[in-house]
Amino acid sequence: KDQIRGLARQYRFFHWHLEFPTIFDADAAGGFDCVLGNPPWEMVELSEKEFFANRAPNVATSASARQRQESIRKLETDAPALWAEYQDARRLVGGLRHFVQGCGRFLRSSVGRINLYPLFTELSTELVSPSGRAGVIVPSAISMDAYNSDLFGWLLSETRVVSLFDFENTGQLFPNVDGRYRFCLLTFEGKSSGSRVIDFCFFAHSVEDLRNHGKRISLTKADIQDFSPNTLAPPILKSDEDKAVATVSYRRLGVLLDRREGKTSPWLPAIQRMLSLSDDADMFRRREELPAEIPKEFERLYAGKTIHAFNHRFAGYEGKDWRLMNGVELADPDFVPATEYYAKTKEVASRLEGKWPSDWLIGYRDIARATDERTSIAAIIPRVGCDTHCRNIYLGVERTDLAVCFVANMNAFVFDYFARQKTIGTGIGAGVLEQLPVVTPIMLSTKCLWCGNSAWTMTTWLVPRALELTYTAWD
């Protein structure tokens, strides 16, 4: 009993139906007429860097994940008290994850990397009465993040969402939160109200902006299905003009990959991550750990920062830091920039086996923001290793000229315009890229109306121009 009471005090167990027996009946029906909340925005995970930052800085600042793991293993004999504290922290986080994913109460919010705010949001859907409403202050990623797609998609499918007002924190509404951070006021009903028009406002900076009807956009569930058929994530539309342009474009082009039953994609794309530095640490070596002449057993490991639009040599690693390549270096077709990490050649080969026959790859930057100079950045790169933030796109079309056109499409200004409307945080994940409008191969085979040659197709006109920007080096 003492142990049970101790665990109850430690974990602070709380049962809503026992605490509020007059609100919920014996069958767990009922609920509150109004639920308001500002839940914590924290990941349910143990960051080794953060845990050891003050306890053992030498562990937190290890040069690589492999070295950090070695330092942690040594704590068991060198610092047993710290080792025990670390194991307790791991057990606490692991136990919480196990409970959340196995209790059956968070079926839609416990997907992938678990954050607390979706858990509280889903909990609110159970606490509110059928005739009531709930409002929560949560990161705007609730509506667009891949891990939240099950929860928000369900709320939309059930037509329970009333409004979503997105704020950028530049006005320091939350003084202790980064000014670039986005959060929203999400309001939903206790049960479905049938067909509904949902009220949206994006990039608000104050409550006064919500009174500006020029910034408010109304969308139906059907509208959102046109824009995001896979996840029902609403695009960031700032005006009715944005909505009109997006509606025409998405209905004409569709999206890159529509995963609904019966739908097909003419590009047959597969968007994948090849390698992650969190994989087996023995796969990788830092540049400083290798000799001046890189052994054949290792390949460069491209990061997102290595590339830019049509440029596979945008940045390189030198003197323990990254820098942009200069004009002289880029003019030299023999110049090969170094990378911070190198991956074992056999690992790269195994990850590419059966996926792509060519000696080049398509890569794009996973790290991106809607406020950057360019949001969508893609390039044709050598057949090398790629880390988490340089994702690969494998196309199902065999024609190289179409692949070149595809990369050109990703670097087009108009594509960037639509990418910005789907980028809520600091990355373009596969789920976002799949739901952007892309010119189809059939459209690329149609007559080029502006080139002055009646025999030219859009592919004929586009390919030499894209290759001139791309093929600048022998690697």
Side-chain angles (χ1 to χ4, degrees), residues 1-46 88-145 147-165 174 177 183-194 196 198 232:
K1 289 184 178 180
D2 290 341
Q3 185 176 7
I4 292 173
R5 292 192 180 96
L7 290 172
R9 286 192 298 271
Q10 179 181 354
Y11 292 105
R12 294 184 292 177
F13 298 124
F14 187 91
H15 198 299
W16 287 90
H17 303 139
L18 296 179
E19 296 292 336
F20 299 97
T22 60
I23 301 296
F24 302 95
D25 61 26
D27 296 322
F32 297 96
D33 294 327
C34 178
V35 176
L36 296 176
N38 178 16
W41 310 347
E42 297 177 8
M43 299 298 299
V44 183
E45 62 182 24
L46 180 62
D88 287 342
R90 288 186 61 192
R91 182 187 180 281
L92 177 62
V93 172
L96 180 56
R97 289 181 62 88
H98 179 74
F99 169 76
V100 166
Q101 293 176 327
C103 70
R105 297 194 63 187
F106 305 101
L107 298 177
R108 304 171 187 90
S109 56
S110 59
V111 179
R113 298 180 65 192
I114 299 175
N115 199 306
L116 291 177
Y117 74 85
L119 302 180
F120 277 87
T121 302
E122 184 166 12
L123 175 63
S124 298
T125 67
E126 299 178 1
L127 298 180
V128 65
S129 70
S131 60
R133 284 192 175 187
V136 290
I137 304 174
V138 292
S140 298
I142 187 73
S143 67
M144 299 186 72
D145 188 272
Y147 296 132
N148 295 327
S149 61
D150 286 352
L151 175 59
F152 194 78
W154 172 73
L155 286 171
L156 281 176
S157 297
E158 295 290 311
T159 60
R160 292 177 63 173
V161 179
V162 177
S163 62
L164 187 152
F165 300 141
F174 286 93
V177 177
F183 64 91
C184 71
L185 308 180
L186 173 64
T187 303
F188 51 88
E189 294 182 315
K191 70 173 183 178
S192 172
S193 60
R196 160 180 292 285
I198 306 166
L232 297 181

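Note that OG of Ser149 is 11.5 Å distant from CE of Met144, once rounded to the nearest 0.5 Å. Atom CD in Glu158 sits 12.5 Å away from atom CZ in Phe188 (nearest 0.5 Å). Interatomic distance, Leu96 CG to Leu119 CG, rounded to the nearest 0.5 Å: 7.5 Å. Taking OG from Ser109 and CG from Asn115, the interatomic distance works out to 10.0 Å, rounded to the nearest 0.5 Å. Residue Phe20 holds its CZ atom at 12.5 Å from NE2 of His15, rounded to the nearest 0.5 Å. To the nearest 0.5 Å, the span separating OG on Ser131 from NZ on Lys191 amounts to 8.0 Å.
For the pair Val138 and Pro39, the minimum side-chain heavy-atom distance is below 4.5 Å. Counting heavy atoms from C-beta on, the side chains of Asn38 and Phe183 never come closer than 4.5 Å. At least one side-chain heavy atom of Gln101 sits less than 4.5 Å from a side-chain heavy atom of Ile114. No side-chain heavy atom of Phe152 sits less than 4.5 Å from a side-chain heavy atom of Thr121. Using a 4.5 Å heavy-atom cutoff, the side chains of Pro118 and Tyr147 are not in contact. Leu151 has its side chain out of reach of Phe106: every pair of non-hydrogen atoms, C-beta onward, lies at least 4.5 Å apart. Side-chain contact between Ile142 and Leu186 is present, with heavy atoms from C-beta onward closer than 4.5 Å.
Across all non-hydrogen atoms, the minimal contact from Trp41 to Ile137 is NE1-O, 3.4 Å. In terms of heavy-atom proximity, Ala141 sits nearest to Asn148 at O-ND2, 3.1 Å. Closest approach of Ser129 to Asp33, counting heavy atoms only: OG-OD1, 3.4 Å. Glu45 approaches Val93 most closely through the heavy-atom pair CA-CG1, 3.6 Å. The minimum heavy-atom distance linking Thr125 with Arg160 is given by the pair O-NH2, 3.3 Å. When all heavy atoms of Ser124 and Val136 are compared, the closest pair comes out as OG-CG1, 4.0 Å.
Within 6.0 Å of the CD atom in Glu19, the count of heavy atoms belonging to other residues, nucleotides or ligands exceeds 12. Surrounding CG of Leu18 are more than 12 heavy atoms belonging to other residues, nucleotides or ligands, all under 6.0 Å away.
Aromatic pair Phe32/Phe24: ring centres closer than 6.0 Å.
Contact check on Asp88 versus Arg91 returns no salt bridge, with no Lys/Arg side-chain nitrogen under 4.0 Å from an Asp/Glu carboxylate oxygen.
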